[in-house]
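Everything on this sheet refers to the single structure shown next.
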Amino acid sequence: GPGLSMAWNASGKPIAGENGPVAAYHRLFAKDNTPIAQQKAMLAQRRSVLDTFVENARDLRRNLSKNDSQKLDEYFQGIREIEVRLSKDEQWLGVPQPKTDLPEPPPGLAGREEIKIMYDIMIAAMRTDSTRVMTYRQPVSTLLTSIGVKVAPHDMSHYHSTMGEKLEASQRRDLAQSELLAGFIDKLKSTKEADGSCLFDHVALAYGSNIRTIHYLDNCPTLIAGGGSGIRLGQHVVLQGKSTPLCNLWLTLLQGSGAKVDSHGDSNGIIKELKS
């Protein structure tokens, strides 16, 4: 589902994904007054429940067919994800939360207002150096409701040039998301750093979609902004389709951000047009 995932900076401690601005705000900035011993006991209890489930599932596997075993493997993957989250929570025990002047968001926000406040939380997280890596999946369903679009999110993507209602709905969504993104970028530019630069100068921002339309995965819309990866801004770059995997872009950003990597996914090189 939609939500915000973050990664801690210097110590390498990650923050698991949170759904909604209230949960994200509390994870980042709210002080947990529960005694450390009690927090450890609660985590140990959750681990015990997981261990019991895993043992029972392994016993069950012996009598399952091949197809059922594959389905059980999917459940095991879910369990492993829970175990990772518990490990992350353990790493955060006793770590003091940073302070921010951003007030706690009210519950019940949805659509445009939820996305706006989530962007504010992301900026507050960067200003307090609480995290240096964030991914955000927007709540598209409630966004559509907030702008008066009644077409279902899935149906809306299945359009072509003659399908007026779905195409119009997609255009209205794109406009709303672009306006929200522009507001986010404006705030990044207006947030000043101690050396006189702005937050935008130090951010590598990637914004896009996992599909173009219907289920087509080519020519996915992708916008790159910020000065954090040393790319050339202010241009529209059109590249050769199948010979330029999207992972070439991620590799370019990774190297520009200082990561010592030679490849990423199915990359076959960097995008030279982005190099400043």
Side-chain angles (χ1 to χ4, degrees), residues 2-17 84 115 118-119 122-123 125-127 129-138 140 157 170 173-174 177-276:
L4 179 69
S5 298
M6 298 157 275
W8 191 250
N9 49 45
S11 63
K13 296 178 181 177
I15 305 176
V84 169
I115 295 171
M118 192 66 89
Y119 282 156
M122 293 168 72
I123 289 177
M126 286 184 276
R127 289 187 65 186
D129 205 21
S130 299
T131 181
R132 295 182 182 177
V133 180
M134 284 178 277
T135 60
Y136 178 38
R137 182 181 176 187
Q138 295 180 359
V140 175
S157 67
S170 179
R173 176 208 58 196
D174 291 347
Q177 289 182 318
S178 297
E179 291 172 344
L180 288 162
L181 177 62
F184 180 47
I185 291 175
D186 285 344
K187 288 185 177 180
L188 288 172
K189 290 181 176 180
S190 63
T191 302
K192 299 301 180 182
E193 297 281 65
D195 61 359
S197 63
C198 63
L199 193 54
F200 182 81
D201 297 329
H202 306 283
V203 168
L205 188 155
Y207 188 96
S209 174
N210 59 322
I211 61 171
R212 170 164 56 87
T213 181
I214 308 181
H215 293 287
Y216 298 139
L217 302 179
D218 60 324
N219 295 325
C220 291
T222 306
L223 184 149
I224 306 300
S229 56
I231 61 172
R232 266 198 325 133
L233 303 176
Q235 58 177 333
H236 177 210
V237 180
V238 180
L239 303 169
Q240 295 298 318
K242 293 183 179 180
S243 63
T244 310
L246 185 58
C247 280
N248 284 14
L249 172 59
W250 310 139
L251 178 63
T252 305
L253 295 180
L254 283 169
Q255 290 186 355
S257 300
K260 306 295 184 182
V261 291
D262 297 322
S263 64
H264 180 76
D266 62 351
S267 66
N268 56 24
I270 63 170
I271 300 177
K272 296 179 180 179
E273 291 84 347
L274 293 179
K275 301 300 289 184
S276 57

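For the numbers below, each heavy atom of this structure counts, side chains included, while hydrogens, waters and symmetry mates do not.
Across all their heavy atoms, S197 and H202 have their closest contact at OG-NE2, 2.8 Å. Across all their heavy atoms, K189 and K192 have their closest contact at O-NZ, 3.8 Å. Summarising the geometry of G269 relative to N248, their closest heavy-atom pair is O-CG, 2.9 Å, with the distance given to 0.1 Å. Pairing each heavy atom of A225 with each of L223, the nearest pair is CB-CD2, 4.1 Å. The nearest pair of heavy atoms linking I231 to G226 is CG1-O, 4.1 Å.
Between the CD1 atom of I185 and the CG atom of L180 there is a distance of 11.5 Å, given to the nearest 0.5 Å. Rounded to the nearest 0.5 angstrom, W250 CH2 and S229 OG are separated by 10.5 Å. Atom CG in L205 sits 7.5 Å away from atom CD1 in I224 (nearest 0.5 Å). Rounded to the nearest 0.5 angstrom, T131 OG1 and M122 CE are separated by 9.5 Å. To the nearest 0.5 angstrom, R137 atom CZ is 13.0 Å from M118 atom CE. From C247, atom SG reaches atom CD1 of I271 across 10.5 Å, with rounding to the nearest 0.5 Å.
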Q177 and I115: side chain to side chain contact (heavy atoms under 4.5 Å, CB included), yes or no, with the steps?
CA-CA 9 Å; Q177 289 182 318; I115 295 171; 5.7 Å; no

In sequence, state the C-alpha distance, the side-chain angles, and the governing distance for D201 and E193, and then conclude on side chain to side chain contact (heavy atoms under 4.5 Å, CB included).
CA-CA 9 Å; D201 297 329; E193 297 281 65; over 6 Å; no

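Ring pair Y119/Y136 is perpendicular by interplanar angle, where above 60° counts as perpendicular and below 30° as parallel.
Taking 4.5 Å as the limit, some side-chain heavy atom of S209 sits within range of a side-chain heavy atom of P221. In this structure the side chain of F200 reaches within 4.5 angstrom of the side chain of L233, judged on heavy atoms. Looking at L188 and M126, their side chains come closer than 4.5 Å, going by heavy atoms from C-beta outward. T252 is listed as a side-chain neighbour of K275, based on a closest heavy-atom distance under 4.5 Å.
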Let me check something: any side-chain donor-acceptor pairs from residues 253-263 under 3.5 Å, sequence neighbours excluded? List them with distances.
| residue | atom | partner | partner atom | Å |
| --- | --- | --- | --- | --- |
| Q255 | NE2 | V261 | O | 2.9 |
| S257 | OG | L253 | O | 2.8 |

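Residue pairs meeting the salt bridge (charged side-chain N to carboxylate O under 4.0 Å, His left out) criterion with at least one member in residues 202-211: none, sequence neighbours excluded.
Side-chain atoms of N268 come within 3.5 Å of backbone atoms of S243 as a donor-acceptor pair (strictly under, hydrogens ignored).
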